[in-house]
Every structure is written in C-alpha cells, then in structure tokens.
Number of protein chains: 2
Amino acid sequence: MKFMFLSAADKAEAWREAILAKFPGAGFDIWPDEIADKASYDYAIVWRPPVGELKTFPNLKGILSLGAGVDGILSDTELPEGVPVVRLVDRCLTEGMSEYVLYWVIHYHRRMGVYLNWTRNGTWKQMRQTDTRDKKVGFLGLGELGSDAARKVAALGFDVAGWSRTEKHIDGITSFHGKDGLVPFLNRTEILIVLLPLTEATRGIVNKETLAALPEGADIINCARGAHVVDEDLLAALDGGHINAATLDVFHSEPLPADHPYWTHPKVTVTPHMASLTVPSSAVEWMEENVRLIEAGKAPLNTVDVKKGY
Amino acid sequence: MKFMFLSAADKAEAWREAILAKFPGAGFDIWPDEIADKASYDYAIVWRPPVGELKTFPNLKGILSLGAGVDGILSDTELPEGVPVVRLVDRCLTEGMSEYVLYWVIHYHRRMGVYLNWTRNGTWKQMRQTDTRDKKVGFLGLGELGSDAARKVAALGFDVAGWSRTEKHIDGITSFHGKDGLVPFLNRTEILIVLLPLTEATRGIVNKETLAALPEGADIINCARGAHVVDEDLLAALDGGHINAATLDVFHSEPLPADHPYWTHPKVTVTPHMASLTVPSSAVEWMEENVRLIEAGKAPLNTVDVKKGY
C-alpha cells in the first residue's frame, strides 16, 4: 500500500511515523520531491493541494483530509471523480477545540479579562458573580466540533443553543436552523461561538446585520475560518460598543498580517490558529479505520459531499 | 422567625432580599446596629463573628455559614454548644469554582499564557498540541467543591486523581488518601489544584517537601485558603524552575498587600479571591432547606463537626 502526502501546513515526518506505525511496510512519499510513479499511490493524505494535482494520480482509492474543515480540500476544484474524500475526525482535535471553547466561554462569563487587567496593575476588586444558568451561549454550527463543544458547555450549566443549516436534535441544546432560525438564535445569544464549515452560504455570516441581531454587550469567539467574519463590520461593532469583545483564532490571511488592526485592538484577543491542532498519533486511528473500510470494499466514514461543500 | 446577619465580607442587603423572598414576614436584622433583643433570634447567618459573640444569643436554633469553608466560623472558638453549625452549599458557588478550575487547567494544559504573551507582542507561532489523556491533574481535597471540579475536569478526558484525608470513591478519579498517599499522589500530578479545608493538618501543606515531590514543571492552582501555602517555599520553587507557574486566588492576608512579591512575579497569576463567590439568590435555597429541617425537629444537612474542624 502506498500513501502520498501533500501539505505545506503539516509536519510530514510526524505523519510518516504515525502512518508507518499503523501500516508497517507501507510506502509513504512526500510531495513533490519523493513522488515517482504517480500510478503507484493508493491514498492521498492532503491539505490544500494545487488545483488539478490529485487527478494526475490515476489509481487513488481515497483522499484523506488533514483538517476537520474541508475548504482546504475543496479548494481543488478539479478533484478526481469517484474517489471518496474523507474528512478528518481526530479525537484530539475535537477535544482540543472543546477546551478552547470552554476556556473562552468561561473567560467571558467570569470576566477573567477584566480581573486579570486589574491584578496586573495591583488592583484587588471583586465583581458580583452571576448564575451560569442565566448565561446564554450560542453555537453557529453543530457539526462534529460544534456539537461536542456545545454538549460540554451545557454540562457546566450554561443555557446553550445552536444554529445549523438543517435541524439537529442534541439533548440539552436548544436548536435553531435555516434562514428563518438565524435571527431568533442571534437575538438570545450572549456569547457566540462560530464553528461552521466555510461554504459560499456561510462566508461573511458574521456581518453588520447579524452582529446587530446579537444583544448589546455580546462576546464572540471565532474558531472556524477567518472568512466567516467581515472584519470591518466586527471592528465597527466593537468600536461602537454593541459587541463587548472578540477572541479570534482564524483570519482571512494567516499569519495575521503585521499591520492588521486586530493585533492591537483592546477588545480583540488574537490566537495563532491554535484553537485545536491535529495530533498525528491519534488522527491516524481514524485514517486507519477508513483505509480498512475502503480496502474491504466498503464506504468510508465521514465522506465529504463535494457538491454541498462539507 | 427571626434571622440575625453578621458578616463584614457579604452584602447584607442582597441577603435580606433573598431571605425575605423565601421567608415572607420573617425578621432580618443586621449586626450590630439593628440587633435589639438577643433572645428573639432563631438563626444566625454569619461569617467571621467576633469570638464569643454568637453565644450571647441564647435561643439560636442554627448557625448558617456564609462560606463553603468553615474556618470563618470556627475562628469563633466559643461557639454556643448544641447549636448546629451548617456549612453553606451553594449550587452557584460549586459551579463557579469548577469553572475557575477548568479555566486554569485548560490555561496550563494548552499553554494559553505563552500564546497570549506571544500574540500581545504580535508574534504568530504554534506549539505542538498534546493529548489531553496524557495530562495528569491532581486535586488536593475531594469535598463538595473538589469532587465537582474533579468530575468536570475528568469529563474532558484529563487523567485525574485526588487526595483526601479519608478514602473516597469517585468514578473516573484515581483516589489517594492519608499521609501515605500524599507523596505518590504528588509524584504523578502535573497540574495541582488545592481545594482542601483549612485545618491544623492542612495548614502549610504546600511547602518545600511537597513541592519537591511534584514532577519538574508542574503548575499549581490554589483556590482554597492562602494559609495552605508556605509562600517563601512556593516562590523558591518558582524561581528555581521546579514549578512552572502558579495561579493564586487566596492569600495569608487579603487583600494581598501591595508590596507582596506575588503581585509582580512573572510566573504567578493573582486573582482577587473571586474563584467563586456565593450568589445569595441560589445559596438561600440551601438555607431554606436546612431551616425547614430544623423547624421540623430534624437534623440539618452538611453540619460542621466543630471538633474535626470541617
């Protein structure tokens, strides 16, 4: 069995080690230098392949994404037809994302930023503590990552809702869906977490209109994709005071350009796209399961619908 | 029914409102100004009463503590005999403490402090993400607060252990107990949370010897009492590098004195005893339940063993 690996964003050697631990004796060649006979590869492990590159490998049985989002696969608009594209589901990626979300939800609920600004300057002062059950948290996106984080936030007692394209039923989560559900969802959301896939329908979904639909003083956490947010609209809502604060892990251009106003905005916290990273040693378990399914002539799990875009 | 209220640390008017909502028509007098006939009071709601003051109220049926810790009650070494002392159990206090613990556990596990120092200075850089299941978190104290926090940290996938005076059995938590269990517990604990009651046996429990028993690079979160920590030993362990960092919410003297080295130590985060505060509107539910029990001639819940000190 032969794997080809193509990603500028991932550590190829860590993946080689993880894959060979699961598939002893397999081939693992890194694109482009190690690629020889393109017809010899069974599986492509990829992130952001050059458009049209994968279709030059004629015998691929599966394309395994290196990210939970699939925009880094579907950016190749000439994917080979008939080859299943498998979205990555990594236990560590899911757990890490929920940790990040919990951290910032607690941060805003308990006003940790205000406290830490005070104590950094030697000020000892307490604020009234409010009941967790009165705090309304909302998830834009209830996929693999959004639903895990929503469940864990709800388990702490927060009043949690979620919005998704189609209706979802998750115990303990109030569900909104579709175009009609968006404004009612936003109207009740005091802490908004963006965990949507990036599609043409969700690009720029955090904009002037949707920000205005949030209650005064809402906080925003974006750990999906930078293009979900219209930056100038968010900056205006922060400066105008309607939005209290934002934590942003993802940006239109990454690394965030040095002159971008987010870096120094007093109401913005920047994190360097670290909300959750794939851990090869755990992610490879999922790849192994899918390769076994494909080799057995079965359909792999979590395939991407190329037409829908997720 | 008449209540007397005595605390310099709590907001008397918020308590008056909460108590009168549960006991319409009851009396609620604030010590010392509103106290008239000492024989007329049924219940004392108190924190840090002057030594000997409560025994001058001859007809008390119950002493209701305003804190989860009881050191602020037992500091009155002349409590009236035969009057049950009830420890506060406040849903919001418990939930708030677990939020604080989760926040700092995630903070250290995901190295948020390092990331935020970087991004505050415009640096975009990622670190390798590690598996949550490999991170060993340890709770000194598995009481009402410690066990709730331990369960919630374990639910995220962390490898959680706890140490207590007597053996405890909590699903998913490795349990250590007694003098013999302390060093083995510390040896495996990478993030240590102190949530013990303050007694003569636990005063100064975080000291040179116990700090040395933690693995190199351990992090410490103290949200119990300042007197659990020998400050000079902790500072030495931080300066020597054996301990990576500490978040401290409680101190020998509060507010933390302006010249205390904790305020400016680069490895110490100070929070102003806000890890969790009592929320009168929820705490009063517990008081109501206990008053009803006492009025019905039954034993109240969560009474304090004055001799044991917790």
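Just so it is clear, the model here is predicted, and its values are computed rather than measured. The sequence lines fix the lettering, A, B, ..., with proteins before strands; numbering per chain opens at 1.
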What distance do [X] atom [atom1] and [Y] atom [atom2] have between them, rounded to the nearest 0.5 Å?
X      : Y      : atom1 : atom2 : answer
A:Y262 : A:L235 : OH    : CG    : 5.0 Å
A:I191 : A:I220 : CD1   : CD1   : 11.0 Å
B:E144 : B:M97  : CD    : CE    : 12.0 Å

Could you tell me if the side chain of B:D249 sits less than 4.5 Å from the side chain of B:M274, heavy atoms only? yes
With B:N222 as partner, the option from B:L234, B:L195, B:V194 fulfilling side chain to side chain contact (heavy atoms under 4.5 Å, CB included) is B:V194
Would you say B:Q126 has more than 12 foreign heavy atoms packed within less than 6.0 Å of its CD? yes
Would you say CD of A:E254 has more than 12 non-hydrogen atoms from neighbouring residues, nucleotides or ligands within 6.0 angstrom? yes
Looking at [options], which makes the most heavy-atom pairs under 4.5 Å with chain A?
options                        : answer
B:M127, B:R133, B:K11          : B:R133
B:L116, B:T269, B:T130, B:T278 : B:L116
B:A14, B:S282, B:C92, B:S98    : B:C92

Most chain B-contacting option - heavy-atom pairs closer than 4.5 Å, from A:R128, A:R91, A:H273: A:R91
Return the orientation label for the A:H109 and A:F158 ring planes: parallel under 30°, perpendicular over 60°, tilted otherwise. perpendicular
Tell me, side chain or backbone of B:T271 under 4.5 Å from chain A's heavy atoms, or both, or neither? both
Select one option (side chain, backbone, both, neither) describing which atoms of B:K125 are under 4.5 Å from chain A's heavy atoms. backbone
[X] portion near chain B, given a 4.5 angstrom heavy-atom threshold:
X      : answer
A:W118 : neither
A:Y103 : both
A:V279 : side chain
A:S276 : both
A:E95  : side chain

